[in-house]
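To keep things clear, I will list the structure first and then write my remarks on it.
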There are 2 protein chains.
Amino acid sequence: MVNQRSGAPALSDIPDATVARLPLYQRALIRLRDDKAVTVSSEELAQLTAVNGAKVRKDLSYLGSYGVRGVGYDVEYLLYQISRELGLTQDWRVLIVGAGNLGRALASYAGFATRGFEVVAVLDSDPKLIGQRLPGSETAVASATDLEALVQELRPDMAVIATPVEVAQQICDRLVDCGIAGILNFAPTVLQAPDHVEVREVDLGLELQILAFHEQQRQHEASNPETAEIDLRTSIETVRSAR
Amino acid sequence: MVNQRSGAPALSDIPDATVARLPLYQRALIRLRDDKAVTVSSEELAQLTAVNGAKVRKDLSYLGSYGVRGVGYDVEYLLYQISRELGLTQDWRVLIVGAGNLGRALASYAGFATRGFEVVAVLDSDPKLIGQRLPGSETAVASATDLEALVQELRPDMAVIATPVEVAQQICDRLVDCGIAGILNFAPTVLQAPDHVEVREVDLGLELQILAFHEQQRQHEASNPETAEIDLRTSIETVRSAR
DNA sequence: TAGATTGTTAATCGATTAACAATC
DNA sequence: TAGATTGTTAATCGATTAACAATC
């Protein structure tokens, strides 16, 4: 859709659903490499990522033809191609706003560092937290009042919001005004931002709510007998007792 | 698709995409109620949740006809219906495995408690952590060796895995063997589990990777001139220099 | 060559959305 | 009644998937 002008190299017509799976493949390939695997078939990769085999092949075909028929994909080469596509051959600078339990956990989260994300600052507005050193980090918690100056100075590529919900939108606005165009939001609210800014919402409670929904379904199914006859009887009884 | 037998009350043919948005509507409705709003239109709700208005109406119609034409939806009533559908009129018991930074942050995460999730235990295998009291929690960190006994005793409805990636699959297997059917996994690996078990994967690093992908696109677009002529020139030069 | 596995086609499925009749 | 807004239809879009020709 985007970028259909000219004969220039097609700047990513990769579907969103595929982009969201590339990190999954990357993770699996890293493990395969660590296990000294040289090649991998689409079916193996599918098994490791719980994705359909045809879908794996389709996804990878968007990046180009990096497989060999009858053989599979070269682990090292495919890993490089995916990492390049995801922009992980460069390091990304991340600013975290909010040094509560979650903010601090994210600041020292190994999964960021190992994937090329450097936490350049952690901000908070609580005087008790400002100045505190974070375990496993060089920098101390900075004051949220300095947000603009710090963005200016440290040039983060993206920001993480881990503040209370009450201030999240205001922090978002300030980040956008500073020119930040990628925001990962953990506050349980949908942030309003201009179109050119990408906001990804992660709501940890929401994930549990979805689990609860399906758990409830299971409970209903267990108490609701499986056969049509009994279901029918139950619904007649329900109608009767409702009168 | 599921549950098309008999005249029994249709046990949720609600599309997955709709289920995933119900908590969003619920959150917005709670805020509207706190702001003393009595009714809300689909367009208002759409604005608050960054969802298309027609989609809001379609989603809500799966729950039944709870709106009034020309007026909108009763905030209190719709909130109740959504909460009921999501199973949030009952409390859910949650077991957390892993008392590292993330596990501890989750254990005291307000977004769990306020939405009816009670953390009944936090487990770890590190002797230094076992027995430690968690801030804002009644219980101390228990030993992961007691997992089976604790599930038996505390009867959690779902479990959260916040362990290192190396032990995540093994913990998952043990949870499944104990009869846990809903698992929220924060370890960066795709867990293998039987079909009747629902596993939701949350990979915090993955979210940043998707942001990085789009950030990279933006950078390419910025350096790649916008006009067809120049794009064409560039690609000719690329071809030349490649020789 | 025979066997294996990719890359792509085409059918299908599920989700999104504009439009509007129904109706408060 | 006039104005507003729901609930639903139907068109469209994007994603998934089986199947298989291409080819190593």
Side-chain angles (χ1 to χ4, degrees), chain A residues 1-4 10 12-25 28-29 32 37-75 77-79 81-82 85 190 195 210, chain B residues 1-4 10 12-25 28-29 32 37-75 77-79 81-82 85 190 195 210:
Chain A
M1 255 114 278
V2 188
N3 247 296
Q4 300 205 319
S12 177
D13 274 331
I14 304 184
D16 284 345
T18 296
V19 171
R21 280 187 298 265
L22 290 181
L24 240 55
Y25 302 141
L29 287 165
L32 284 165
V38 175
T39 59
V40 63
S41 71
S42 59
E43 289 300 336
E44 284 176 83
L45 210 42
Q47 225 265 302
L48 290 169
T49 52
V51 166
N52 174 292
K55 192 148 66 179
V56 170
R57 291 195 295 279
K58 189 122 229 268
D59 284 343
L60 297 182
S61 75
Y62 288 115
L63 312 185
S65 293
Y66 297 134
V68 179
R69 288 167 150 99
V71 176
Y73 302 85
D74 184 276
V75 171
Y77 186 54
L78 185 59
L79 178 54
Q81 293 298 342
I82 290 182
E85 193 67 39
V190 175
D195 280 349
I210 297 174
Chain B
M1 257 112 277
V2 189
N3 245 293
Q4 300 205 321
S12 179
D13 274 330
I14 305 184
D16 285 345
T18 296
V19 171
R21 280 188 297 266
L22 291 181
L24 240 55
Y25 302 140
L29 287 165
L32 284 164
V38 176
T39 59
V40 63
S41 71
S42 59
E43 288 301 335
E44 285 176 84
L45 210 43
Q47 225 265 303
L48 289 169
T49 52
V51 166
N52 174 293
K55 192 148 67 179
V56 171
R57 292 195 294 281
K58 189 127 231 265
D59 284 343
L60 297 181
S61 75
Y62 288 113
L63 312 185
S65 292
Y66 297 134
V68 180
R69 288 167 148 98
V71 177
Y73 301 85
D74 184 275
V75 171
Y77 186 53
L78 185 59
L79 178 55
Q81 293 298 344
I82 290 181
E85 193 67 40
V190 175
D195 280 349
I210 296 174

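Lettering of chains follows the sequences in order, A, B, ..., and the numbering in each one begins at 1. Basis for what follows: all heavy atoms, side chains included, without hydrogens, waters or symmetry-related copies.
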Please identify each residue that fulfils ring pair (Phe, Tyr, Trp, His ring centres under 6.0 Å) with Tyr66(A), with sequence neighbours left out. Tyr77(A)
Just do the side-chain contact (heavy atoms from CB on, under 4.5 Å) check on Val51(B) and Tyr25(B) with the steps written out, would you? CA-CA 10 Å; Val51(B) 166; Tyr25(B) 302 140; 3.6 Å; yes
My understanding is that only residues two or more places apart in sequence, or in another chain, count here; which of them pass side-chain contact (heavy atoms from CB on, under 4.5 Å) with [X]?
X	result
Ala20(A)	Ile210(B)
Leu48(A)	Ala28(A), Leu32(A)
Asp16(B)	His214(A)
Val71(A)	Thr39(A), Val68(A)

Neighbours of DNA chain D within residues 61-73 of chain A, by heavy-atom distance under 4.0 Å: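 Contacts with DNA chain D under 4.0 Å: Val68(A), Arg69(A), Gly70(A).
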Strand-adjacent residues in residues 44-51 of chain A, judged by heavy atoms under 4.0 Å from DNA chain D: none
Could you check how far [atom1] of [X] sits from [atom2] of [N], rounded to whole Å?
X	N	atom1	atom2	answer
Arg57(A)	dT9(C)	CZ	P	14 Å
Asp16(A)	dA15(C)	CG	C1'	14 Å
Ile14(A)	dG14(D)	CD1	C1'	16 Å
Leu78(A)	dT5(C)	CG	P	16 Å
Lys55(B)	dT12(D)	NZ	P	18 Å
Lys58(B)	dT12(D)	NZ	P	16 Å
Asn52(A)	dA15(D)	CG	C1'	11 Å

Salt bridge (Lys or Arg N to Asp or Glu O under 4.0 Å) partners of residues 49-59 of chain A, not counting sequence neighbours, each pair once: Arg21(A)-Asp59(A), Glu43(A)-Arg57(A)
With nearest nucleotide decided by heavy atoms, which residue, Ser42(B) or Arg21(A), maps closer to the 5′ end of DNA chain D? Ser42(B)
Hey, could you give me the CG/CD1 distance between Leu29(A) and Ile82(A), rounded to the nearest 0.5 Å?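 The CD1 atom of Ile82(A) is 5.0 Å from CG of Leu29(A), to the nearest 0.5 Å.
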Hunt down any stem DNA chain C takes part in, defined as 3 or more consecutive Watson-Crick or G-U pairs whose two distances are each under 3.5 Å. C:3-24 with D:3-24
Indicate, with a heavy-atom threshold strictly under 4.0 Å, whether Ala17(A) touches base, sugar-phosphate, or nothing.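 Sugar-phosphate, backbone atoms only, no base.
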Shortest non-hydrogen contact from Gly53(B) to Ser42(B)? O-CB, 4.2 Å
Least distance between heavy atoms, Ser41(B) atom then Tyr73(B) atom: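 Result for this residue pair: C-CD1, 4.5 Å.
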Please confirm whether the shortest side-chain N or O distance from Ser41(B) to OP1 or OP2 of dT5(D) is below 4.0 Å. no
Using the test side chain to side chain donor-acceptor pair (under 3.5 Å), find all partners of Thr49(A) that sit at least two apart in sequence or belong to another chain.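 Partners of Thr49(A) under the side chain to side chain donor-acceptor pair (under 3.5 Å) test: none.
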